[in-house]
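One-based numbering, in listed order, for ligands and for the atoms of each. Worth saying up front: this structure is predicted, and the values here are computed from it rather than measured.
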Amino acid sequence: MKSRMKILVVFYSRSGNTRKTGQEIAKTLRADADEIMEKEDRGGLLGYMKGGMDALSNKKSELVGGGKDASEYDLVIIGTPVWAARLPPPVRAYADANRGKVKKFAAFCTCGGSGGKQNFKEMERILGLGAQATLEVYEREVKSGAYAEKVAGFCGKL
Ligand SMILES: Cc1cc2nc3c(=O)[nH]c(=O)nc-3n(C[C@H](O)[C@H](O)[C@H](O)COP(=O)(O)O)c2cc1C
C-alpha cells in the first residue's frame with residue numbers, strides 16, 4: 001500500500017458481519033470508515049424475506065445520510081453482504097450513486113456460503129471499473145475470528 005493513499009472503507013451491514021470485517025480493514029489500512037444507511041427497516045423475518053425479494057428484483061434503496069464524499073478518496077473499498085446471490089438494495093443504490101465519483105475500488109463481501117463473485121462483477125459493471133482486489137469472507141469465519149488472516153491478505157494486495 002502506498003502510504004499517501006487516502007482510503008475510504010464503506011459498507012452496508014444488516015447483522016454485523018460486514019461491519020466487523022469493514023472495521024478490521026479500516027483499522028489495518030488506517031482508512032476512514034463509513035456505513036451505508038437506508039430508510040427501509042430490514043429487521044426480523046419479514047425484513048429478511050423482503051430483503052431477499054428486493055435483492056432478487058435488483059431494487060435500489062433510498063439512502064439516509066450523506067456519508068463521506070467518495071470523490072475525495074484515492075481508493076474506495078466497498079463491503080456488502082450477499083443477499084439471494086445478489087447485491088442488497090442499499091449497496092446497489094450506493095454503487096449507482098457513486099459511479100464517476102469512485103476513481104479506484106476494491107470490494108469485499110460476507111456470505112453464508114456463496115455468491116461473492118457475482119456481486120463483485122455486478123459492482124464492477126455498475127461502477128464501470130475493475131476491482132483492484134476482492135475478498136470473500138464466510139459468516140463462520142467472522143464468528144471464529146479466521147476472517148482476520150484473510151483481511152490481512154486482502155489489505156496486503158492494496
Ligand atoms: C435476505 C438475505 C439473503 C441472503 N442470501 C444469501 C445467499 O444467497 N448466499 C449466501 O451465502 N448468504 C446469504 N445470506 C447470508 C448473508 O450473506 C450473511 O449472513 C452475511 O454475512 C450478512 O452480513 P451482515 O451481518 O453484515 O448483514 C443472506 C442473508 C440475508 C439477510
Taking it one step at a time, do Val91 and Met123 satisfy side chain to side chain contact (heavy atoms under 4.5 Å, CB included)? CA-CA 9 Å; Val91 180; Met123 280 193 213; 4.3 Å; yes

Going through the distances and angles, do Arg19 and Phe11 end up as a side chain to side chain contact (heavy atoms under 4.5 Å, CB included)? CA-CA 7 Å; Arg19 182 182 304 116; Phe11 52 83; 3.6 Å; yes

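In terms of N/O distances under 3.5 Å, ligand 1 is not approached by Arg19. Taking any N or O of Gly51, backbone or side chain, none lies under 3.5 Å from an N or O belonging to ligand 1. Looking at Asn17 next to ligand 1, an N or O pair under 3.5 Å apart turns up.
With respect to atom 5 (N) of ligand 1, the closest heavy atom belonging to the protein is Ala84 N, 2.8 Å. Ranking protein heavy atoms by distance to atom 1 (C) of ligand 1, first place goes to Tyr48 O, 3.2 Å. For atom 8 (O) of ligand 1, the nearest protein heavy atom (residue, atom name, distance) is Ala85 N, 2.9 Å. Ranking the protein heavy atoms by distance from atom 9 (N) of ligand 1 puts Ser114 O, 3.2 Å first. The shortest contact between atom 20 (C) of ligand 1 and any protein heavy atom is with Thr110 OG1, 3.2 Å. Looking from atom 2 (C) of ligand 1 to the surrounding protein, the closest heavy atom is Trp83 CD1, 3.6 Å.
Here the side chains of Tyr48 and Trp83 are not in contact, with every heavy-atom distance at 4.5 Å or above.
Between Glu40 and Lys50 there is a salt bridge, with a side-chain nitrogen of the basic residue lying less than 4.0 Å from a carboxylate oxygen of the acidic one.
Interface of Thr18 with ligand 1, defined as ligand atoms under 4.0 Å from a residue heavy atom, comprises 23 (O), 24 (P), 26 (O). For ligand 1, the atoms sitting less than 4.0 Å from at least one non-hydrogen atom of Arg14 are 24 (P), 26 (O), 27 (O), 31 (C), numbered in the order shown with element in parentheses.
Atom NZ of Lys143 is surrounded by more than 12 heavy atoms from other residues, nucleotides or ligands within 6.0 Å. Remark: Lys68 NZ is packed, more than 12 non-hydrogen atoms of other residues, nucleotides or ligands lying under 6.0 Å away.
Formation of a donor-acceptor pair under 3.5 Å by the Ser61 side chain with backbone atoms of Leu63 is not found in this model. Not a single donor-acceptor pair under 3.5 Å links the side chain of Asp96 to the backbone N or O of Arg92.
Contacts between Glu139 and ligand 1 below 4.0 angstrom, taking non-hydrogen atoms only, involve the side chain exclusively. With a 4.0 Å cut-off on non-hydrogen atoms, Ala55 does not touch ligand 1 at all. Under 4.0 Å from ligand 1, heavy atoms of Ser15 appear from its side chain as well as its backbone.
Taking a 4.0 Å cut-off on heavy atoms, Gly113 registers as neighbouring ligand 1.
Residues Tyr73 and Asp32 have side chains that bring a donor and an acceptor to within less than 3.5 angstrom of each other. For Thr110 and Thr18, the side-chain atoms include at least one donor-acceptor pair closer than 3.5 Å. Side-chain contact of Arg86 with Asn119: a donor-acceptor pair under 3.5 Å is absent, judged by distance alone.
Ranked by closest heavy atom to atom 26 (O) of ligand 1, the top entry among Gly47, Gly115, Ser13, Gly79 is Ser13. Proximity annotation for atom 16 (C) of ligand 1: of Val137, Val82, Asn119, Val82 comes nearest, heavy atoms only. For the residues Gly52, Gly16, Gly112, Gly22, the heavy atom positioned nearest atom 12 (N) of ligand 1 is part of Gly112.
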